[in-house]
Amino acid sequence: MSQQLRGESDFDQLPDDVPVSANIADIEEKRGFSSYYVFVIEVKTRGGGRYMIFRRYSQFYNLHAKLEERYGSESRNSRFCCLLPVLPGKVYVGAKREIADSRIPVLNAYMKKLLSFPAWLLLDEDVRLFFYQSEFDSQQVPQGLRRLRPRTRRVKSVSPQEPGFDRLAAPRAEALFDFTGSTKLELSFKKGDLIYLLSRVNKDWFEGTVRDATGIFPSAFVDIIKELPQEEDTINWLRCYYHDDNVSSIRDISVEEDLSSTPLFQDLMELISRAFARDDIALNYRDAEGDLIRLLSDEDVVLMVKQGRSWPFEKHIFPWKLHVTQQDDYSVYDPAGAGIAAQTATEP
């Protein structure tokens, strides 16, 4: 189909920030209400820009569904109808990492074909949003250092040579030893060099700039003169009250989920079962009247989260709290005889 091919004139008219190639550099496991894997994708733009984005398979799936509806063979929009690349279907059985690994070559082929389409598809709003580097993406640090692409390659905005640059206020370090980078990603410097710090890659590596060069380097080679600002913690905590034989204990479970997230009931059950190493548990929350309500379905979780939005909450702690009881213990729902209910009656 002629509409499948992109002419050179079309390409020349594209904006510089339009993605023209994307490749999966790695996969990473994330800790949410359930563990899942994300694909670490390096995107290159027409103007020569390069950055990393982090996408789950479900985001690929949702994008493809929208494109099929809009441009697929069954679409009524015949003017822009085309033969879209094939996306691998959802898999429900198997180890999550093995499934993610097996998808890498197929997803790479999918993105390559998608980004070779004419300008009208590359400028589609959903395509642009999928490949756009969001604030969330820019704050992520790939775990595989060997595949890291420093996200602040544009040194001009922080260059010490620029007028108005405050050398005394800038985070910086002094080189204790010579360091010669082994790849183009690593920053080479000499003993005594003053290195301006841009970000902390992990506990062992920084990203910095010296003499208009930018790269990553080991923290053991420098002495910190002024530390980087403290980064915002991306971990949030789910507070659980565990009730057993009239004794209550509190445990906070870390999850990499936004405080506004609404988990699935099954994901919550699996998370709490792992945390307490028990399968014979029930999940509950305390409503506005102080009564314990047992969670039995996704609809119950939605109601709990909705009510929790009106409750006071601490920073990085979900406003809704879980009360974990034994599965066959119904005495906790008896207002007259539930001693443990009174212990935490002030908790929402």
- Query: Taking only residues two or more places apart in sequence, or in another chain, which ones meet L296 in a side chain to side chain contact (heavy atoms under 4.5 Å, CB included)?
  - Reply: R294, D300
- Task: For the residue pair F221 and F177, categorise the inter-ring angle as parallel (less than 30°), tilted (30 to 60°) or perpendicular (more than 60°).
- Result: perpendicular
- Task: Indicate, with yes or no, if the rings of F217 and F179 have centres closer together than 6.0 Å.
- Result: no
- With hydrophobic residues grouped by side-chain heavy-atom distances under 4.5 Å, do I293 and L264 end up in a single group? no
- Message: Is there a side-chain contact between V301 and L283 in this structure, where contact means two heavy atoms from C-beta onward sitting under 4.5 Å apart?
- Response: no
- Task: With the side chain counted from C-beta on, respond yes when R278 and V324 share a heavy-atom pair under 4.5 Å apart, and no when they do not.
- Result: no
- Message: Donor-acceptor check, side chain of N62 to backbone of Q59, threshold 3.5 angstrom: yes or no?
- Response: no
- Task: Could you tell me whether D124 and K66 have a side-chain N and a carboxylate O separated by less than 4.0 Å?
- Result: no
- Note on the structure: Scanning both residues in full, the closest heavy-atom pair of R70 with D126 reads NH2-OD2, 2.8 Å
- Side chains of R103 and F39: does their closest heavy-atom pair fall under 4.5 Å? yes
- Query: How about Y36 and Y57: are their ring centres within less than 6.0 Å of each other?
  - Reply: no
- Query: Any chain of hydrophobic side-chain contacts (each under 4.5 Å) joining V18 to Y132?
  - Reply: no
- Message: Parallel, tilted or perpendicular: which one describes the rings of Y110 and H64, with boundaries at 30° and 60°?
- Response: perpendicular
- Query: Is there a chain of hydrophobic side chains (I, L, V, M, F, W, Y, each step under 4.5 Å between heavy atoms) that links L63 to L123?
  - Reply: yes
